Amino acid sequence: MASIRDVARKANVGPATVSRVLNNSGYVSEETRRKIEDAMRELNYTPNELARNLFHKKSGIIAILVPSVSHPFFAELVKCVETELYARGYKTMLCDTFREENSEQEYLDMLNRNIVDGIITGVHSLKIEEYTKIDKPIVAFDRCLGENIPLVRVDHALGGRMAAKLLLASGCKDVIQFQGAKSVRSPSDIRHIEFERVMKENNAKVTSVELMWNRFDSEYFSEVTEQTMREHPDIDGVFGADLLAVYCMKAAIAQGRQIPGDLKLVAYDGTYVTDAVTPGITSIVQPIPLIARELAGLLHDMIEQRPIPQREKLMNVSIRYGNTTIGKN
């Protein structure tokens with residue numbers, strides 16, 4: 001394999017001149033540049049990308065931290081973010097923190113060592129102070145990490161109200177909602193608060209089922225929904241994230257209940273799984289492609305040291321009607 005010194009000898013220049021061409025640093029005449037480029041082609045020379053990145057103190061790599069890529073929402077988000085980052089010239093390092101106690105801290109340490117140029121994080125295991133003491137590009141999704149770290153999130157309060165109104169319009173009076181562990185604070189918590197408020201204002205009963213922290217696997221979702229449906233045979237409505245709604249519907253059908261006659265369901269996130277089942281589930285949809293674009297764009301601006309005029313980007317949710325509620329479809 002040809003080296004930088006081989007290229008220099010072929011072009012009859014010094015290695016430092018070849019380095020300036022590779023790193024686009026310092027003056028090199030057009031004639032000399034052409035000679036060096038011709039020599040690289042003739043020798044089939046491939047630059048050492050790692051060395052070049054170290055020279056510029058950039059790796060061209062962005063770390064994406066998510067709780068679990070097995071979760072449909074995070075799977076779609078990662079796919080869309082990776083596409084957006086690639087269009088901006090970055091490669092992606094996927095960091096799944098599921099059940100790894102120290103992984104989030106280890107990834108932040110990598111950022112400090114210039115192994116990655118920036119981080120997009122959607123996890124909640126570390127204290128905010130661990131992020132705020134890092135003077136590097138970080139963008140957060142669905143978690144406030146301090147004044148200096150931009151945040152992208154959807155209007156979860158609106159989503160909670162939408163879900164409640166869909167179930168109320170379908171005649172629901174006794175509903176279950178599944179919510180994340182209360183020990184972990186997140187902007188998404190407000191959707192459950194708003195959902196419960198609107199339901200109770202309309203004289204409907206709401207039972208909240210708190211999920212275990214950092215459990216996103218299908219086995220757990222199947223177990224908790226089957227148990228919930230057994231313990232609450234008289235409920236007429238369900239509100240929860242996509243997979244939870246799917247497994248509740250599966251458990252209800254196994255009990256001989258009719259959908260939507262006996263039980264109405266509204267899912268939250270609106271990923272592919274809500275369309276992959278029959279009947280299709282009415283969903284509150286997070287605009288994942290737009291979220292990904294905002295996350296990638298904000299981080300790219302930070303890396304390029306462009307001003308960030310708006311610290312928080314709030315995005316709207318929408319309704320996709322399926323056949324698990326009564327009314328518009």
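Computed from a predicted model, the values in this text were never measured in an experiment. Side chains included, hydrogens not; waters and symmetry mates left out as well; all remaining heavy atoms used.
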Any side-chain heavy atom of [X] sitting closer than 4.5 Å to one from [Y]?
| X | Y | answer |
| --- | --- | --- |
| Gln305 | Pro137 | no |
| Phe195 | Val206 | yes |
| Ile291 | Leu77 | yes |
| Phe239 | Ile176 | no |
| Lys91 | Ile62 | no |
| Val81 | Ile120 | yes |
| Val317 | Val285 | no |
| Glu226 | Ser222 | yes |

(request) List in chain and number order the residues that pass side-chain hydrogen bond (donor to acceptor under 3.5 Å, both in side chains) with Glu196, two or more places apart in sequence or in another chain; answer none if no residue qualifies. (result) Lys200

Keeping the roles fixed (side chain from [X], backbone from [Y]), state whether a donor-acceptor pair exists under 3.5 Å.
| X | Y | answer |
| --- | --- | --- |
| Thr282 | Gly322 | yes |
| Glu76 | Tyr272 | yes |
| Ser170 | Leu166 | yes |
| Asp6 | Ser3 | yes |
| Asn12 | Ala8 | no |

(request) Please assess Val7 against Ile36 for the test side-chain contact (heavy atoms from CB on, under 4.5 Å), listing each intermediate value before the final yes or no. (result) CA-CA 7 Å; Val7 173; Ile36 292 171; 4.1 Å; yes

Once rounded to the nearest 0.5 Å, what's the spacing between atom [atom1] of [X] and atom [atom2] of [Y]?
| X | Y | atom1 | atom2 | result |
| --- | --- | --- | --- | --- |
| Leu85 | Ile64 | CG | CD1 | 5.5 Å |
| Leu243 | Thr225 | CG | OG1 | 9.5 Å |
| Leu265 | Asn323 | CG | CG | 11.5 Å |
| Glu294 | Lys313 | CD | NZ | 4.5 Å |
| Leu94 | Lys79 | CG | NZ | 14.0 Å |
| Leu167 | Met162 | CG | CE | 13.5 Å |

Can you list, pair by pair, the side-chain donor-acceptor contacts under 3.5 Å of residues 146-157, counting residues two or more places apart and other chains?
{"unit_1": "Arg153", "atom_1": "NE", "unit_2": "Glu312", "atom_2": "OE2", "d": "2.6"}
{"unit_1": "Arg153", "atom_1": "NH2", "unit_2": "Glu312", "atom_2": "OE2", "d": "3.0"}
{"unit_1": "Asp155", "atom_1": "OD1", "unit_2": "Ala157", "atom_2": "N", "d": "3.4"}
{"unit_1": "Asp155", "atom_1": "OD1", "unit_2": "Leu158", "atom_2": "N", "d": "3.1"}
{"unit_1": "His156", "atom_1": "ND1", "unit_2": "Tyr268", "atom_2": "OH", "d": "2.8"}
{"unit_1": "His156", "atom_1": "NE2", "unit_2": "Asp142", "atom_2": "OD1", "d": "2.9"}
{"unit_1": "His156", "atom_1": "NE2", "unit_2": "Asp142", "atom_2": "OD2", "d": "3.2"}

Pairing residues for [X] by the side chain to side chain contact (heavy atoms under 4.5 Å, CB included) criterion, not counting sequence neighbours:
| X | result |
| --- | --- |
| Lys205 | Asp174, Thr207 |
| Val224 | Val209, Leu211, Tyr220, Thr228, Leu244 |
| Leu290 | Pro287, Arg293, Met315 |
| Glu219 | Asp217, Glu223 |

(request) Check which hydrophobic residues are tied to Ile190 through side-chain heavy-atom contacts below 4.5 Å, counting indirect links as well, and list them. (result)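 Ile190 clusters with Ile193.
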
(request) Report the residues that fulfil ring-ring contact (aromatic ring centres under 6.0 Å, His included) with His71, sequence neighbours left out, ordered by chain and then residue number. (result) Phe74, Phe216

(request) Kindly write out the residues that satisfy ring-ring contact (aromatic ring centres under 6.0 Å, His included) with Phe178, not counting sequence neighbours, or none if the list is empty. (result) none

(request) Output, in order, the C-alpha distance, side-chain angles, deciding distance and verdict of side-chain contact (heavy atoms from CB on, under 4.5 Å) for Thr271 and Ile288. (result) CA-CA 9 Å; Thr271 61; Ile288 296 176; 4.0 Å; yes

Salt bridge (charged side-chain N to carboxylate O under 4.0 Å, His left out) contacts touching [range] (sequence neighbours left out):
| range | answer |
| --- | --- |
| residues 156-172 | Arg161-Glu194 |
| residues 227-244 | none |
| residues 257-286 | Asp275-Arg320 |

(message) If you count heavy atoms of other groups shown closer than 6.0 angstrom to CZ of Arg311, is the number above 12?
(response)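 Yes, because the 6.0 Å sphere around CZ of Arg311 holds more than 12 heavy atoms from other groups.
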
(message) If you count heavy atoms of other groups shown closer than 6.0 angstrom to CD of Glu31, is the number above 12?
(response) no

(message) Would Glu37 and Met40 count as a side-chain contact (heavy atoms from CB on, under 4.5 Å) here? Give the steps.
(response) CA-CA 5 Å; Glu37 290 172 350; Met40 286 192 292; 4.1 Å; yes

(message) Please tell me whether Tyr247 and Phe221 form a close aromatic pair, meaning their ring centres lie under 6.0 Å apart.
(response) no

(request) Identify whether the distance between the nearest side-chain nitrogen and carboxylate oxygen of Asp38 and Lys35 falls below 4.0 Å. (result) no

(request) Step by step, work out the side-chain contact (heavy atoms from CB on, under 4.5 Å) result for Leu299 and Tyr90. (result) CA-CA 11 Å; Leu299 191 65; Tyr90 298 101; over 6 Å; no

